Amino acid sequence: MSLKELIGCKHPTSWIEFEKGLIDEVELAQNFFKDGRPFDLEGLKTCMRNGYSYIDGVEELLHDLRESHYKMHAFTNYPVWYQIIEDKLRISKFLSWTFCSCKLGKRKPDPNFYTDVVRHLEVDPSDCIFVDDRLKNVEAALEVGIVGLQFKSVDQLRKDLCLLGIDIPMKDKLVVEERAP
């Protein structure tokens, strides 16, 4: 079915409740569709597992930031299935899965989720940089005083981070000069 059809027939809150850790995957499977039809839970998990990969350049950027000793945390709207992503991509070699909605019971763009992050880290909001592909999530970070950047591309993010004073080693670039014979 198309995404539009799926949205029209799925239960309005079951996925959000699953992301918040309020229901488990058995309850999700039972309530995924409004009409109670069967749901291929394992198929969805397989689809999710197969669909995740690093965006070109992101793994290198995370590596460079880690090598520069920046502390990074996942701040996600993920259910317990974040472990599927971890098992496949080993993201924890770069950052901690500290702020998952399934652990904290809150989701972006809830301002309370952002303030919980700052409180947990024991830092001033202006000392944090939040990166997200969704503008509404970035705007929520800005509302609580966190520096927010919308992810558009790896190259743009590198530039934006550098403009904020984040020291990221740039990859050596080979420059080839053409010489007249």
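Keep in mind it's a predicted model, so treat the numbers as computed, not measured.
A single hydrophobic cluster is seen to contain both F33 and L3, as judged by linkage of ILVMFWY side chains at heavy-atom distances under 4.5 Å, directly or through other members. The hydrophobic clustering, which links ILVMFWY residues whose side-chain heavy atoms are closer than 4.5 Å, places L164 and L142 apart. Note: the hydrophobic cluster containing I166 also contains F94 (ILVMFWY, side chain heavy atoms under 4.5 Å, direct or indirect links). Residues I84 and V58 share a single hydrophobic cluster, defined by chaining ILVMFWY side chains whose heavy atoms lie under 4.5 Å apart. In this structure, L65 is a member of the same hydrophobic cluster as V147, with clusters built from ILVMFWY side-chain heavy atoms closer than 4.5 Å.
Not one N or O on the side chain of E17 forms a donor-acceptor pair closer than 3.5 Å with the backbone of I23. Counting only distance, with no hydrogens or angles, the side chain of N31 and the backbone of E27 share a donor-acceptor pair below 3.5 Å. A distance-only check finds no donor-acceptor pair linking the side chain of E143 to the backbone of P111 [under 3.5 Å]. Side-chain atoms of K20 never come within 3.5 Å of backbone atoms of K103 as a donor-acceptor pair (strictly under, hydrogens ignored). Between the side chain of S92 and the main chain of L95, no donor-acceptor pair closer than 3.5 Å is present. Checked by atom type and distance alone, the side chain of Y70 pairs as donor or acceptor with a backbone atom of D167 at under 3.5 Å.
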How far apart are the C-alpha atoms of K152 and D133, what are their side-chain angles, what is the distance that settles it, and do they pass the salt bridge (charged side-chain N to carboxylate O under 4.0 Å, His left out) test?
-> CA-CA 7 Å; K152 295 178 181 172; D133 62 333; over 6 Å; no
R134 and D132: salt bridge (charged side-chain N to carboxylate O under 4.0 Å, His left out), yes or no, with the steps?
-> CA-CA 5 Å; R134 295 185 181 201; D132 200 287; 5.4 Å; no
Worked verdict on I146 versus S126 for side-chain contact (heavy atoms from CB on, under 4.5 Å) = CA-CA 5 Å; I146 297 171; S126 64; over 6 Å; no
What's the verdict on side-chain contact (heavy atoms from CB on, under 4.5 Å) for I129 and L161, showing C-alpha distance, side-chain angles and the deciding distance?
-> CA-CA 9 Å; I129 300 172; L161 289 170; 4.1 Å; yes
Worked check of side-chain contact (heavy atoms from CB on, under 4.5 Å) between F99 and D116 | CA-CA 9 Å; F99 307 108; D116 286 353; over 6 Å; no
Could you give me the CA-CA distance, side-chain angles and deciding distance for F32 and L41, then say whether side-chain contact (heavy atoms from CB on, under 4.5 Å) is met?
-> CA-CA 9 Å; F32 190 79; L41 182 73; over 6 Å; no
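Nearest approach of V144 to P125, heavy atoms of both residues: O-CB, 3.4 Å. Here the shortest heavy-atom pairing between N137 and F130 reads O-CE2, 3.4 Å.
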Identify each donor-acceptor pair in which a side-chain atom of residues 73-81 lies under 3.5 Å from a protein atom, sequence neighbours left out, and give them as a table.
unit_1 : atom_1 : unit_2 : atom_2 : d
H73    : ND1    : T98    : OG1    : 2.6
N77    : OD1    : K108   : N      : 2.8
N77    : ND2    : K108   : O      : 3.1
Y78    : OH     : Y52    : OH     : 2.9
W81    : NE1    : E25    : OE1    : 2.8

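Proximity of Y54 to L62: side-chain heavy atoms (C-beta onward) are separated by under 4.5 Å at one or more points. Proximity of K10 to K34: side-chain heavy atoms (C-beta onward) are nowhere separated by under 4.5 Å. Taking the side chain as every heavy atom from C-beta outward, D127 and D124 approach each other to under 4.5 Å. Under the 4.5 Å side-chain criterion, counting only non-hydrogen atoms from C-beta, W15 is in contact with L28. Residues F39 and L44 are in side-chain contact: their nearest non-hydrogen atoms beyond the backbone lie under 4.5 Å apart. Inter-residue side-chain proximity for R37 and C9 is flagged as met; some heavy-atom pair is nearer than 4.5 Å. Taking 4.5 Å as the limit, every side-chain heavy atom of L149 sits out of range of all side-chain heavy atoms of V138. Residues Y114 and P109 meet the side-chain proximity criterion, which asks for heavy atoms closer than 4.5 Å.
The CD atom of Q150 lies 8.5 Å from the CD atom of E139; values are rounded to the nearest 0.5 Å. For the atom pair OG (S101) and CG (L22), the distance works out to 9.5 Å, reported to the nearest 0.5 Å. In this structure, CE in M48 is found 11.5 Å from OH in Y82, a value given to the nearest 0.5 Å. Here the straight-line distance linking atom NE2 of H11 with atom CD1 of I16 works out to 10.5 Å at 0.5 Å rounding. In this structure, CD1 in I168 is found 13.0 Å from CD in E67, a value given to the nearest 0.5 Å.
Among E86, E59, H63, the one residue that satisfies the side-chain hydrogen bond (donor to acceptor under 3.5 Å, both in side chains) test with K93 is E59.
For the salt bridge (Lys or Arg N to Asp or Glu O under 4.0 Å) test, residues two or more places apart in sequence or in another chain that qualify with R107 are E19. E42 is linked by a salt bridge (Lys or Arg N to Asp or Glu O under 4.0 Å) to K45, counting only residues two or more places apart in sequence or in another chain.
Judged purely by distance below 3.5 Å, without hydrogens or angles, the side chains of S153 and D155 never pair a donor atom with an acceptor atom.
Other residues, nucleotides and ligands contribute at most 12 non-hydrogen atoms within 6.0 Å of the CG atom of D56.
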